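Everything on this sheet refers to the single structure shown next.
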Amino acid sequence: MKQSNHWSKYIADYIKADKPLYCIVLASFLLGGILAAVFVFTMPDLSCEELLLYMNDFFQNMGDKGADALAVFHIGLLQNLQNVCLLFLFSVMVIGAPFVAGFAAVHGFMHCFTLFFMFRIYGAKAVLFAALGMLPHYLLLVPCYLVLCVTCLAFSLSLSKEKMILTRKLPLFLGKLAGFYAITVLSVLMQSYVEPLLIRAIAGLF
């Protein structure tokens, strides 16, 4: 119990120390989500019908064959590795902070687009898909990228104040990035081997 309280206090203090940066990253992510909502609900019906055909094929294939878990796993590993490397490049740039915020906005758009589109074409049934087909890995992925973006933003801003910090704190920073990437690997495992089974179970409802 004491250890749990210790970690809770540590996390609370960690967030409090970078509260303005969390606000920036969250605001950027929400901006991307708002843009996704506007884009989805103003899409022409013809575009929606084309995407609907794709989604119907997706659910039919999931119901009949399932997913190639290994291929999904490899793609997820590569995508997250690319994201972490990209954030690292932004972090070591003196003017990289706006790019980190932009990264959060782009991912807010990407992740929210699918959810809003599902709601537009499937209505209330989209809740079921979101709960089983997205939420399991998002519970790890979204908080991970939130803290990762804040960490990269703080590191980039620190370079503008003290340029020598790059060589002095780079090893610790790289260690943090490796830790965040390890969390994304766990998320990809959920996305590759757990969620396809859940989606396959509900595919007939779509």
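The model shown is predicted, which means the values in this text are computed figures rather than measured ones. One is the number of the first residue; the rest follow in order along the sequence.
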Can Leu30 be reached from Val150 by stepping across I, L, V, M, F, W or Y side chains whose heavy atoms are under 4.5 Å apart?
no
Side chain to side chain, Tyr181 and Thr184, heavy atoms closer than 4.5 Å
yes
Using modelled atom types only, decide if a donor and an acceptor are shared between the side chain of Glu195 and the backbone of His137 within a distance under 3.5 Å.
yes
Yes or no on side chain to side chain contact (heavy atoms under 4.5 Å, CB included) for Ser192 and Ile75, after CA distance, side-chain angles and deciding distance?
CA-CA 10 Å; Ser192 305; Ile75 292 172; over 6 Å; no
Output side-chain donor-acceptor pairs under 3.5 Å for residues 100-119, partner residues at least two apart or in another chain, one line each.
{"from": "His111", "atom 1": "ND1", "to": "Tyr138", "atom 2": "OH", "distance (Å)": "2.9"}

Does Val72 belong to the same Ile/Leu/Val/Met/Phe/Trp/Tyr cluster as Ile183, with side-chain heavy atoms less than 4.5 Å apart forming each link?
no
Look up atom OH in Tyr22 and atom CG in Leu153, then write down how far apart they are to the nearest 0.5 Å.
11.0 Å
Distance in Å, Ile24 CD1 paired with Leu157 CG, rounded so as to fall on 0.5 Å steps:
7.0 Å
Begin with the C-alpha distance, continue with both residues' side-chain angles, and end with the deciding distance and a verdict on side chain to side chain contact (heavy atoms under 4.5 Å, CB included) for Leu139 and Met190.
CA-CA 10 Å; Leu139 288 175; Met190 294 288 293; over 6 Å; no
Do Leu53 and Tyr122 share a hydrophobic cluster (ILVMFWY, side-chain heavy atoms under 4.5 Å, transitive)?
no
Sequence neighbours excluded, every pair satisfying side chain to side chain donor-acceptor pair (under 3.5 Å) that has a member inside residues 140-150:
Asn80-Tyr145, Asn83-Tyr145
Hey, could you give me the CE/CG distance between Met134 and Leu198, rounded to the nearest 0.5 Å?
13.5 Å
Quick one, Val188 and Tyr193 - any side-chain contact, counting heavy atoms below 4.5 Å?
no
With rounding to the nearest 0.5 angstrom, report the OG to CG distance, Ser91 to Leu177.
6.5 Å
Is there a side chain to side chain contact (heavy atoms under 4.5 Å, CB included) between Gln82 and Leu78? Walk through the geometry before answering.
CA-CA 6 Å; Gln82 290 174 339; Leu78 181 59; 3.9 Å; yes
Shared ILVMFWY cluster between Val92 and Leu172, side chains joined below 4.5 angstrom?
no
Drop me the distance from Leu31's CG to Leu26's CG, to the nearest 0.5 angstrom.
12.5 Å
So OG of Ser156 and CG of Leu89: to nearest 0.5 Å the spacing works out to 11.5 Å
hydrophobic_cluster_shared for Leu135 and Leu189, side chain cutoff 4.5 Å:
no
Phe41, CZ: over 12 other non-hydrogen atoms inside 6.0 angstrom:
yes
Mind checking whether Phe180 and Thr151 have side chains closer than 4.5 Å, heavy atoms only?
yes
Taking side chain as C-beta onward, heavy atoms only, is Leu87 less than 4.5 Å from Phe99?
no
What side chain to side chain donor-acceptor pair (under 3.5 Å) pairs are there with at least one residue in residues 25-46, not counting sequence neighbours?
Asp45-Arg120
Taking the side chain as every heavy atom from C-beta outward, state whether Met43 and Leu51 have any pair of such atoms under 4.5 Å apart.
yes
